[in-house]
Asks: 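Before we start, here is the structure in question, set down as structure tokens.
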Number of protein chains: 2
Amino acid sequence: MTLNASQLDTITEVSPKLGRKRDHTRDPEILDAALEVLAETGYDGMTMEMVAARAKAGKATLYRRWPSKGELVIDAVANMKRGDFDRDHLPDTGTLRGDLVAMIKPHAIEDGARKMRIMAGLMSMISRNPELAEAARAVIVEPRASANRILLQRAVDRGEISADCDIDNLAMLSQSMAIYRVFVLQKPVNRDFFIRLIDGVVLPAVGLGHPAGD
Amino acid sequence: MTLNASQLDTITEVSPKLGRKRDHTRDPEILDAALEVLAETGYDGMTMEMVAARAKAGKATLYRRWPSKGELVIDAVANMKRGDFDRDHLPDTGTLRGDLVAMIKPHAIEDGARKMRIMAGLMSMISRNPELAEAARAVIVEPRASANRILLQRAVDRGEISADCDIDNLAMLSQSMAIYRVFVLQKPVNRDFFIRLIDGVVLPAVGLGHPAGD
DNA sequence: AATATCCGGAACTGTTTAGTTTCGTATAGA
DNA sequence: TCTATACGAAACTAAACAGTTCCGGATATT
């Protein structure tokens, strides 16, 4: 329950006696295992033995590298693979709707669902640990929001939508509605859900949908 | 960690030997205490001793009435005071914006914040317990969403907005964005936040905001 | 082959906490 | 006053789990 100091030093160091490297080669597997267990059972349900077993490692190996369960979790989240929403690889179809729809790939939905499970597992911890909250935000949720912001800004730049739009809120909309849908409504987040959100809320809100004039 | 059967029988029963009533008079205080502790520490951080101490009760008293921690929590959530969003006491200002803004009372914000803290404390448990998820949805989140739905439907009925609007999604929008803002962004949910949401997203989405033509 | 290092496994310690039991007391009906 | 019941407090049991220690084997450098 205690996770205070930050200790994200890098892996490879020099041994005191020999010029040989300290490997810590199992780090990636362990961090992956930690994320999996986290997604399945949540922070409090997760035990170090589960992580060790999942990674086919010994508990001692975990503690050789991380001083506590909390530090391991922070490290796992912070080093999590971000969604591949590079500015350069974003869709560019010429219309906002085209871009937004192009973002809905099966892989992206799958990945997003896993990240939301991780997020839920972290929730109670997040509200008590700003460091973890920031790591989770930066890795789990910000890449996607930032991609949306770029798509919206492009639409503004090409004159498709008004510059008065609340881009910041609109960029977070799909993520926030998805979290709500999964955990509060307990309904699936699938392609149809996102399409309906785009056509029923986002596009109308920027003046492109039905209500304003189809 | 186990919370299966439902045991929401009512409180006052008749003793086997006498016509006297079994009081369980401490029930309300205990349930309140459970909610407070839940909001402060989350389900896993909450201990039965904390709840007992908060209610100035003995641990034995808790177990006389509820078979387990999980059952106590479900009971506390299910019997939680709903927001007072009666169909009859909703604002009716004549415009959608007026109605939505009138919903933002300091008390409602305060109450909503507490409920969100409780929600966060339940998160990891919710994803593993449908019964709890349903109780939380019905009590914490549905009253508000349903109020929004009514206000939107009224606006449709009086011809202020189009019937094509995605009322269901729009009614959940403020809640879902508020959850996101508190837990992911760690920023305060205050009056300004809601006003900006109304003017920047909801009203535009129904064809009343700037982008469509101010 | 000799040696130094990392690793996995298993046994161990100490703490926390769910849940139980016991007991002394307050209260309300008879 | 007498008695049954509900209660608060505290001691208790049993299990789970974070974190530690030890050991034997694998690997790689010399």
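What you see is a predicted model, and the numbers here were worked out from it, not measured in a lab.
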Asks: Can you establish whether the number of heavy atoms outside B:Q186 located under 6.0 Å from its atom CD is more than 12?
Replies: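 Yes, CD of B:Q186 has more than 12 neighbouring heavy atoms, counting only those of other groups under 6.0 Å.
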Asks: Just to verify, which of B:R54, B:R114, B:R117 counts as forming a side chain to side chain donor-acceptor pair (under 3.5 Å) with B:E36?
Replies: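 Single pass found, and it is B:R54.
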Asks: Given atom CE of A:M48 and atom C1' of D:dA18, what is their separation to the nearest angstrom?
Replies: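 Rounded to the whole Å, the gap is 8 Å.
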Asks: In Å, rounded to the nearest 0.5 Å, how long is the span from OG1 of A:T93 to CG of A:L100?
Replies: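 If I round to the nearest 0.5 Å, the distance is 8.5 Å.
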Asks: Report, one pair per line, the protein and nucleotides 11-14 of chain D atoms (nitrogen or oxygen only) whose separation is under 3.5 Å.
Replies:
none

Asks: May I have all residue pairs that pass side-chain hydrogen bond (donor to acceptor under 3.5 Å, both in side chains) and include part of residues 165-180 of chain B, sequence neighbours excluded?
Replies: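 Matches after skipping sequence neighbours: A:S176-B:S176, A:R196-B:D166, B:D166-B:N169.
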Asks: Using whole Å, report how far OH of A:Y43 lies from C1' of D:dA18.
Replies: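 The distance from OH of A:Y43 to C1' of D:dA18 comes to 10 Å, rounded to the nearest Å.
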Asks: B:K69 has an atom NZ; how far is it from atom C1' of C:dT20, in whole Å?
Replies: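 Going from NZ in B:K69 over to C1' in C:dT20 covers 17 Å.
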Asks: Quick check: are there more than 12 heavy atoms from other residues, nucleotides or ligands sitting under 6.0 Å from NZ of B:K187?
Replies: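 Atom NZ in B:K187 is not crowded, with 12 or fewer foreign heavy atoms closer than 6.0 Å.
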Asks: Which whole-number value in Å describes the distance from B:L62 CG to C:dT20 C1'?
Replies: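 Answer to the nearest Å: 13 Å.
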Asks: For B:D199, is there an ion pair with B:R97 - N to carboxylate O distance below 4.0 angstrom?
Replies: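 Yes, B:R97 and B:D199 are salt-bridged.
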Asks: Quick check: on DNA chain D, is the nucleotide nearest A:M46 upstream (toward 5') of the one nearest A:R64, or the reverse? Name the residue that is more 5'.
Replies: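 The residue whose closest nucleotide sits nearer the 5' end is A:M46.
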Asks: Is the closest basic N to carboxylate O distance between B:R65 and B:E71 below 4.0 Å?
Replies: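 No.
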Asks: Once you round it to whole Å, what is the distance between P of D:dG8 and CZ of B:R65?
Replies: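 To the nearest whole Å, that distance equals 14 Å.
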Asks: Specify the separation, in whole Å, of atom OH of B:Y63 and atom C1' of D:dA6.
Replies: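 Value for this atom pair: 19 Å.
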Asks: Does D:dC17 have OP1 or OP2 sitting under 4.0 Å from an N or O in the side chain of A:T47?
Replies: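 No, outside the criterion.
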Asks: Rounded to whole angstroms, how far apart are CD on A:E29 and P on C:dC7?
Replies: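 Answer to the nearest Å: 11 Å.
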Asks: What contact category does B:A60 fall into here, base, sugar-phosphate, or nothing, at under 4.0 angstrom with non-hydrogen atoms?
Replies: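 Result for B:A60 = base.
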Asks: Figure out the CZ/P separation between B:R26 and D:dA9, and round it to whole Å.
Replies: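 About 9 Å, once rounded to whole Å.
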